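Contents: one structure, followed by commentary.
Letters go in sequence order (proteins before strands), and every chain restarts at 1. Being a predicted model, the structure only gives us computed values, none of them experimental.
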Amino acid sequence: MQINKTAVALIGLGLVAPFILYPVFLMKVLCFALFACAFNLLLGFVGLLSFGHAAFLGTGGYITGYMMLHVGLTPELGILCGTVAAGVLGAIYGKLAVKREGIYFAMVTLALAQLIFFMYLQAPFTGGEDGMQGVPRGELFGFIDLSDNMTMYYFVFAIFLFGFWLVNRTVHSPFGQILKAIRENEPRAVSLGYNVNDYKWVAFVISAALAGLAGSTKTLVFQLASLTDAHWHMSGEVVLMTLLGGMGTIFGPIVGAASVVTIQNYLSGGELGNYIHIIMGLIFVVCVLAFRNGIVGEIQKVIKRNFGN
Amino acid sequence: MSVDYVLQTTDLVKEFKGFTAVDNVNLNVERGTIHALIGPNGAGKTTVFNLLTKFLIPTRGQILYNGEDITQMHSAEIARKGVIRSFQISAVFPHLTVLENVRIALQRKEGNSFHFWKSDRVLNKLNARAIELLESVGLQDFANTTTVDLSYGRKRALEIATTLALDPELMLLDEPTQGMGHEDVDVVSDLIKRVSADRTILMVEHNLHVVSKLADNITVLQRGAILTEGDYETVSADPRVREAYLGVSEDEVVPGTEADKAQQAAKEEVTV
């Protein structure tokens with residue numbers, strides 16, 4: 001009930017936001033928010049720290065870019081291709097990674113993501129360091145022109161809502177119930193007859209595909225697919241967004257992504273632009289040391305303490 | 001011999017880097033009985049348990065369940081065949097409610113545990129059965145409590161309810177009364193007695209009072225090997241068992257010393 005009310009408020013906010021704020025900035029926030037939600041599904045609800053989610057964001061972006069540039073697909077099909085490609089990559093990576101736990105899981109995902117990064121660096125179709133430029137936004141379903149930022153915004157908003165809904169549904173599904181059980185007590189889940197690795201794998205694939213969806217959408221927004229999205233920095237950034245917003249909460253990743261993107265935008269314009277990584281690093285340290293539940297987590301605690309039953 | 005065994009091991013061995021934790025154990029668990037595995041600390045009881053439930057892989061030997069060789073199977077696989085274990089530390093899902101804990105077990109047979117596109121409201125049809133199971137262990141009033149807030153004894157009761165939800169043929173209980181106060185010990189041992197109808201229970205237990213009350217058969221382990229077997233009278237009369245528990249034999253103890261007092265106390269416990 002609480003979540004429904006907050007969700008309705010957020011949808012309302014999302015619908016009017018482009019009249020107040022610059023739509024391209026908002027679209028960037030939405031893409032990263034979706035990316036962080038996908039990541040949070042693994043970290044917050046299964047307890048798996050992937051350190052290679054940039055691979056899926058990047059793959060979604062490059063495949064969609066390629067499909068739009070060279071195959072001439074319509075945007076919805078281009079995005080679908082990018083998402084499926086990231087999902088397939090996630091299926092392969094996930095199979096290898098879920099066999100390991102804790103730090104080893106993180107290292108396997110990092111290593112595999114680096115593999116993909118260097119592949120994209122060398123592959124001719126990606127444009128290497130220059131990135132894949134001039135990706136057309138195209139016409140949605142063949143007749144809605146997306147070159148207008150307002151139209152594009154509502155398309156991105158719809159995609160975001162779908163992704164957000166899917167994460168939320170997965171968490172509150174019969175499957176999500178088993179994920180929680182695994183996070184809470186894995187040996188017990190095994191002793192009750194669940195093949196926990198299969199469940200982790202499915203969650204990994206969903207998370208990878210949604211990360212790909214975020215990357216695909218981002219490529220259309222900026223008409224560019226670049227190496228930045230596949231770089232390990234990006235894998236780290238999504239960890240920061242999720243922790244800052246509140247890991248394991250439904251709205252945390254959105255708040256975290258919005259905060260990080262805002263801070264970055266604000267800083268990169270000013271004199272402090274050169275210190276951006278130091279400042280982000282400091283925020284990360286403060287967040288982990290002082291408020292481990294993240295922004296949303298802390299707010300929830302305050303609400304529970306004062307109004308809870 | 002026409003005795004019906006649910007679980008049998010033949011020459012079961014587990015070695016850890018040169019150290020033999022389980023040494024040629026031949027265990028025979030008769031169907032429909034409560035079988036206790038006892039022995040001093042470090043005797044290998046929990047290792048045997050982990051071998052039986054596949055949390056450890058045996059170095060050598062064979063494990064038969066209903067005559068089928070399960071030596072190479074995975075934990076989750078034998079769980080689906082009806083062998084469900086508990087753990088030394090209470091095995092619950094702490095941040096789920098008591099009801100949800102039981103539902104996790106009931107859910108497995110529903111075949112929807114991979115359905116991520118459905119609402120978890122479809123699980124509500126399991127609630128009635130879950131409440132029934134909670135009633136059987138006296139936890140019906142705590143259905144909506146977050147499990148972490150339960151007392152230790154109630155957590156163990158919940159664990160038993162969760163295990164019962166799978167209607168296991170063979171229940172393996174690892175020290176079910178460990179760390180409990182007297183009251184909880186009685187409650188849980190009554191509970192075990194009650195649920196033992198129609199099924200077989202193999203339990204590791206330190207509390208000899210509980211063992212004497214519950215167990216039909218007892219296997220005593222020492223240094224990874226079977227010391228002796230039999231019913232409570234046979235086992236408790238065996239001087240080697242007392243020696244194993246105290247580290248010295250009775251006649252070596254000087255009367256009036258600490259060791260003697262300890263042995264007297266232990267004897268009292270054994271003969272309760």
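Within 6.0 Å of CZ on A/Arg292 lie no more than 12 heavy atoms contributed by other residues, nucleotides or ligands. Dense packing is recorded around NZ of B/Lys109, with more than 12 heavy atoms of other residues, nucleotides or ligands lying under 6.0 Å away. The number of heavy atoms from other shown groups lying within 6.0 Å of CD1 (A/Ile103) does not exceed 12. The number of heavy atoms from other shown groups lying within 6.0 Å of CG (B/Asp198) does not exceed 12. Open room surrounds OH on A/Tyr104; 12 or fewer heavy atoms of other groups in view lie less than 6.0 Å from it.
Between B/Ser113 and A/Ile178, the closest heavy-atom pair is CB-CG1, 3.7 Å. For the pair A/Ser191 and B/Ala79, the tightest heavy-atom approach, listed with the atom from each and the gap, is O-CB, 3.4 Å.
Using a 4.5 Å heavy-atom cut-off against chain A, the contacting residues of residues 119-140 of chain B are B/Ser119, B/Asp120, B/Val122, B/Leu123. Listed in order of number, the residues of residues 161-170 of chain B that approach chain A to under 4.5 Å between heavy atoms are B/Thr162, B/Thr163, B/Leu166. Residues of residues 98-108 of chain B having a heavy atom under 4.5 Å from any heavy atom of chain A, listed by number: B/Glu100, B/Arg103, B/Ile104, B/Ala105, B/Gln107, B/Arg108.
Each of A/Asn195, A/Val171, A/Leu166 has some count of heavy-atom pairs under 4.5 Å with chain B, and the biggest count is that of A/Asn195. Looking only at heavy-atom pairs under 4.5 Å with chain B, the residue among A/Gly176, A/Ala189, A/Pro187 that has the most is A/Pro187.
Atoms OG and CG, from B/Ser75 and A/Leu192 in turn, are 11.5 Å apart once rounded to the nearest 0.5 Å.
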Pair A/Val190, B/Lys54 - check side-chain contact (heavy atoms from CB on, under 4.5 Å), show working. CA-CA 10 Å; A/Val190 171; B/Lys54 328 309 301 180; over 6 Å; no
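Using a 4.5 Å cut-off between heavy atoms, A/Leu179 makes no contact with chain B at all. Only the side chain of A/Val202 comes within contact range of chain B, with at least one heavy atom under 4.5 Å from a heavy atom of that chain. Using a 4.5 Å cut-off between heavy atoms, B/Thr53 does not touch chain A at all.
Between A/Arg188 and B/Phe93, some side-chain heavy-atom pair lies under the 4.5 Å cut-off.
For residues 97-131 of chain B, the pairs satisfying ring-ring contact (aromatic ring centres under 6.0 Å, His included) are A/Tyr199-B/Phe114, B/His115-B/Trp117, with sequence neighbours left out.
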